[in-house]
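Nothing fancy with the numbering, it's 1 onward along the sequence.
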Amino acid sequence: MDAISLIIAALGAGALAATKDTAGTAVKDAYQGLKTLIKKKFAEQGKEDDSNIVDKHEKKLDSEAVKALLKEELINLGVDKDAEIIKLAQELLKQEKPEESVPGKNNVVFQSEVKGVQVGDRNKQENKFA
């Protein structure tokens, strides 16, 4: 997953988790921290008005148009090159979905030649062997 997609996924997961009573304070705090860091980056570049896209995304998680605009703004901001933001996004996703970050979860050993293998969760594959 590229850095921008990771950050957008973390923002979406955090926004969704923040609306649930079952979300832990660690997830909510990580989400607020990520939002604050991104908004700070907007402010540092004199783009405070553009930071509203983060809040708009939070309110319209299903909107592809808002998500596309958020992606464009984040790319223009350069967050995909900000190690601190990327690390915080990774940590947020790990806290929100800990079962997907278990070490060794997808260790695979092949005993013979294989073709068309995918390892991981929620993969979709269509094979046509001739």
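Other residues, nucleotides and ligands contribute over 12 non-hydrogen atoms within 6.0 Å of the CG atom of Asp2.
Two residues are said to be in side-chain contact when any heavy atoms from C-beta on lie closer than 4.5 Å; Lys47 and Phe42 meet this criterion.
When the options Ile53, Asn52, Val54, Val79 are evaluated for a side chain to side chain contact (heavy atoms under 4.5 Å, CB included) with Glu73, the one that passes is Ile53.
Transitive grouping of hydrophobic side chains (ILVMFWY, heavy atoms separated by less than 4.5 Å) keeps Ile7 and Leu16 in distinct clusters. Following chains of ILVMFWY side-chain contacts shorter than 4.5 Å, one cannot reach Val66 starting from Leu61, and the two form parts of different hydrophobic clusters.
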Quick one: side chains of residues 81-91, donor-acceptor pairs under 3.5 Å with protein atoms, not counting sequence neighbours, listed by atom name and distance.
from  : atom 1 : to    : atom 2 : distance (Å)
Asp82 : OD1    : Glu84 : N      : 3.0
Asp82 : OD1    : Ile85 : N      : 3.1
Asp82 : OD2    : Lys41 : NZ     : 3.4

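The side-chain hydrogen bond (donor to acceptor under 3.5 Å, both in side chains) search around Asp55 returns Lys39, not counting sequence neighbours. Residues passing the side-chain hydrogen bond (donor to acceptor under 3.5 Å, both in side chains) test with Asp49, sequence neighbours excluded: none.
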>> Run Asp50 and Asn76 through side-chain contact (heavy atoms from CB on, under 4.5 Å) and show every step you take.
In response: CA-CA 11 Å; Asp50 295 336; Asn76 291 339; over 6 Å; no

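Here the shortest heavy-atom pairing between Ala15 and Glu58 reads CB-CG, 3.9 Å. Here the closest heavy-atom approach between residue Ala13 and residue Leu93 is recorded as CB-CD2, 3.9 Å. Pairing each heavy atom of Val27 with each of Ala17, the nearest pair is CG1-CB, 3.6 Å. When all heavy atoms of Gln95 and Ala30 are compared, the pair lying nearest together is OE1-CB, 3.7 Å. What you find for Ala43 and Glu48 is that their closest heavy atoms are O-OE2, 3.6 Å.
Rounding to the nearest 0.5 Å places CD1 of Ile75 at 9.5 Å from CG of Leu70. Atom-to-atom distance recorded for Ser51:OG and Lys40:NZ is 14.0 Å, nearest 0.5 angstrom. The NZ atom of Lys71 sits 12.0 Å away from the NE2 atom of His57 when rounded to the nearest 0.5 Å. Interatomic distance, CG of Asp80 versus CG of Leu74, reported as 8.5 Å (0.5 Å rounding).
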